[in-house]
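Structure first, commentary second.
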2 protein chains.
Amino acid sequence: MNQKHDREKVLRSGLHLFCSKGYNNLGVDEICKTTGMTKGAFYHAFEDKENFLLEAISTYGQNQVRYIHGKLDSTGEVKAIDRLKNFYLRMLEYQPEVNYMGCMINNMMSELGAINELVGKATSIEFARFVEAIEPTVKEAQQDGDLTPHISSEKMTELIHTTFYGTLTRAKSLSSAEKGIETMHLLFQTLSR
Amino acid sequence: MNQKHDREKVLRSGLHLFCSKGYNNLGVDEICKTTGMTKGAFYHAFEDKENFLLEAISTYGQNQVRYIHGKLDSTGEVKAIDRLKNFYLRMLEYQPEVNYMGCMINNMMSELGAINELVGKATSIEFARFVEAIEPTVKEAQQDGDLTPHISSEKMTELIHTTFYGTLTRAKSLSSAEKGIETMHLLFQTLSR
DNA sequence: AAATTTGTACCGACCGGTCTGTTTGACTAT
DNA sequence: ATAGTCAAACAGACCGGTCGGTACAAATTT
């Protein structure tokens with residue numbers, strides 16, 4: 001059963017495991033156990049653990065823009081600035097239970113040897129994808145007069161998302177999103193002048 | 001009878017190794033090789049690998065505030081805002097060769113099991129220490145009229161340092177500080193209005 | 001029946017930690 | 001001074017467990 005749909009499912013839950021446990025702490029046996037595969041099936045389907053991770057990351061990335069747009073729109077808010085705020089606050093609130101994949105993947109980098117560079121590239125691409133997906137909403141908020149027009153929407157989106165990365169780092173150690181939410185609020189407030 | 005090896009020196013280079021290689025990828029053998037100890041000496045001096053890391057973190061923390069103040073002052077700039085900018089740009093430029101310990105330690109968290117919480121706490125304390133050390137300079141810049149007085153200096157310092165954390169995450173994947181520096185510049189520019 | 005897929009026992013490398021014997025140097029007694 | 005004593009400090013071979021990956025037989029599909 002090498003159905004494409006199943007493969008994607010395995011990759012997704014594998015990535016999820018990597019995110020919560022890290023690279024070295026997650027054994028192939030556990031991936032197999034969780035996904036209901038056996039080791040034979042695993043090594044038949046994938047080259048090795050490293051390539052499994054890489055494929056998982058790449059598959060995840062392909063669905064990301066769609067995912068972000070969904071999250072941005074499904075907040076039920078009409079104004080762009082509120083959709084933005086809601087998006088980030090949601091992302092923070094779900095952390096660390098659900099975790100935020102990109103950041104976690106990045107955090108695993110120090111564990112990885114050879115594929116370090118590749119994962120780094122993937123993370124960098126991921127950042128760009130986020131910015132690309134969020135930028136239109138930022139621009140909309142600027143046109144609404146809710147964010148300052150003095151900065152280009154691209155640069156502003158980069159700033160917002162960089163700060164978000166920072167709040168994630170903090171949230172992880174605090175195991176609470178509270179402080180991060182406060183900081184994001186403060187940033188939006190600053191950018192509204 | 002005094003020990004042959006300077007405990008603090010060993011701890012420092014050990015932490016440095018942890019930061020660049022991660023917890024699981026750094027073997028006790030390598031710590032010993034790097035510091036010129038033998039395994040016997042290591043296990044005579046320290047309880048185990050975990051406690052070695054914890055002691056390294058704690059020792060590092062004790063020197064941190066002094067270190068930050070040194071960095072903040074040694075930039076040779078007279079104006080507070082310039083000292084601040086210089087401080088952060090320096091920190092970014094040295095990354096990832098030198099690495100920024102706190103952030104790296106945090107990034108190792110996903111690898112750690114039992115001591116996860118402790119390391120998290122250490123990182124959280126570290127953030128507070130940074131804010132505490134940097135805040136006076138931020139306040140000074142506010143008084144100089146170079147940063148907006150509309151936000152309390154504490155909150156502003158938190159925002160700045162959170163964004164800095166984010167730039168580090170990005171810098172790591174880009175293996176270049178360029179983008180991070182740009183973002184920090186933009187933040188300071190935004191906060192000057 | 002042939003080809004593909006799956007189950008599982010096993011291999012070997014690696015690594016944290018231990019064990020045992022050796023060295024070192026402060027202290028004492030001569 | 002010198003020799004002897006003792007415990008702390010150290011060296012490094014070794015052990016036990018873990019884990020990525022393989023081998024190969026069994027099962028399943030074509």
Side-chain angles (χ1 to χ4, degrees), chain A residues 1-11 13-58 105 108-119, chain B residues 1-57 59 105 108-116 118-119:
Chain A
M1 295 284 180
N2 199 7
Q3 300 237 341
K4 209 175 177 182
H5 193 70
D6 283 337
R7 191 180 181 84
E8 219 170 282
K9 236 180 194 168
V10 169
L11 285 166
S13 55
L15 186 59
H16 201 266
L17 284 171
F18 276 127
C19 289
S20 67
K21 303 202 70 176
Y23 185 78
N24 287 309
N25 277 343
L26 176 63
V28 173
D29 285 332
E30 192 173 339
I31 298 174
C32 293
K33 199 179 160 193
T34 306
T35 58
M37 300 176 91
T38 60
K39 242 177 164 177
F42 181 89
Y43 278 98
H44 178 74
F46 306 101
E47 197 183 325
D48 55 17
K49 192 183 168 190
E50 263 189 30
N51 279 277
F52 176 77
L53 172 60
L54 284 179
E55 191 178 331
I57 291 171
S58 123
I105 291 167
M108 282 173 9
M109 280 177 59
S110 64
E111 288 182 75
L112 303 168
I115 62 169
N116 198 320
E117 204 180 322
L118 276 171
V119 177
Chain B
M1 209 183 303
N2 29 347
Q3 317 215 144
K4 197 159 128 196
H5 300 278
D6 183 357
R7 193 177 182 84
E8 215 172 287
K9 235 180 197 168
V10 169
L11 285 166
R12 190 159 38 214
S13 56
L15 187 58
H16 201 265
L17 284 171
F18 276 127
C19 289
S20 66
K21 303 203 69 176
Y23 186 78
N24 286 310
N25 275 345
L26 176 64
V28 174
D29 286 331
E30 192 173 339
I31 298 174
C32 293
K33 198 180 160 193
T34 304
T35 59
M37 301 175 91
T38 59
K39 244 181 164 174
F42 182 90
Y43 279 98
H44 179 75
F46 306 100
E47 197 183 324
D48 55 18
K49 191 183 167 190
E50 262 188 32
N51 278 277
F52 175 77
L53 172 60
L54 284 179
E55 192 179 330
I57 291 170
T59 303
I105 291 166
M108 282 173 10
M109 281 176 61
S110 66
E111 289 182 74
L112 303 168
I115 61 169
N116 199 320
L118 275 171
V119 177

Is there any protein nitrogen or oxygen under 3.5 Å from a nitrogen or oxygen in nucleotides 14-21 of chain C, and what are the pairs?
from	atom 1	to	atom 2	distance (Å)
C/dG16	OP1	B/Leu26	O	3.3
C/dG16	OP1	B/Lys49	NZ	2.8
C/dG16	OP2	B/Val28	N	2.7
C/dG16	N7	B/Lys39	NZ	3.0
C/dG17	OP2	B/Tyr43	OH	3.1
C/dG17	OP2	B/Lys49	N	3.1
C/dG17	N7	B/Lys39	NZ	2.9
C/dG17	O6	B/Lys39	NZ	2.5

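Across all non-hydrogen atoms, the minimal contact from A/Ser13 to A/Thr35 is OG-CG2, 3.4 Å.
By the side-chain contact (heavy atoms from CB on, under 4.5 Å) test, A/Asp29 is found to be paired with A/Lys39, residues two or more places apart in sequence or in another chain being considered. Here B/Tyr43 pairs with nothing under the ring pair (Phe, Tyr, Trp, His ring centres under 6.0 Å) rule; sequence neighbours left out. Listed by chain and number, the residues in a side-chain contact (heavy atoms from CB on, under 4.5 Å) with B/Thr34 are B/Leu17, B/Glu30 (sequence neighbours excluded).
The OG1 atom of A/Thr38 lies 14.5 Å from the NZ atom of A/Lys33; values are rounded to the nearest 0.5 Å.
Between the CZ atom of A/Phe42 and the C1' atom of C/dT4 there is a distance of 19 Å, rounded to whole Å. The CZ atom of B/Phe46 sits 10 Å away from the P atom of D/dC10 (whole-angstrom rounding). Atom NZ in A/Lys21 sits about 13 Å away from atom P in D/dT18, given to the nearest Å. Regarding A/Phe52, its CZ atom lies at a distance of 17 Å from the P atom of D/dC19, rounded to whole Å.
OP1 or OP2 of C/dT6 has not a single side-chain nitrogen or oxygen of A/His44 nearer than 4.0 Å.
With B/Lys49 contributing its side chain and B/Gly27 its backbone, the two residues share no donor-acceptor pair below 3.5 Å. Without hydrogens or angle criteria, A/Arg7 side chain to A/Ala45 main chain gives a donor-acceptor distance under 3.5 Å.
Overall, the helix from C/dA1-D/dT30 to C/dT30-D/dA1 carries an axis bend of 0° between its ends, with five pairs at each end and the value rounded to 10°.
Below 30°, between 30° and 60°, or above 60°: for B/Phe52 and B/Phe18 the angle between ring planes is between 30° and 60°, a tilted geometry.
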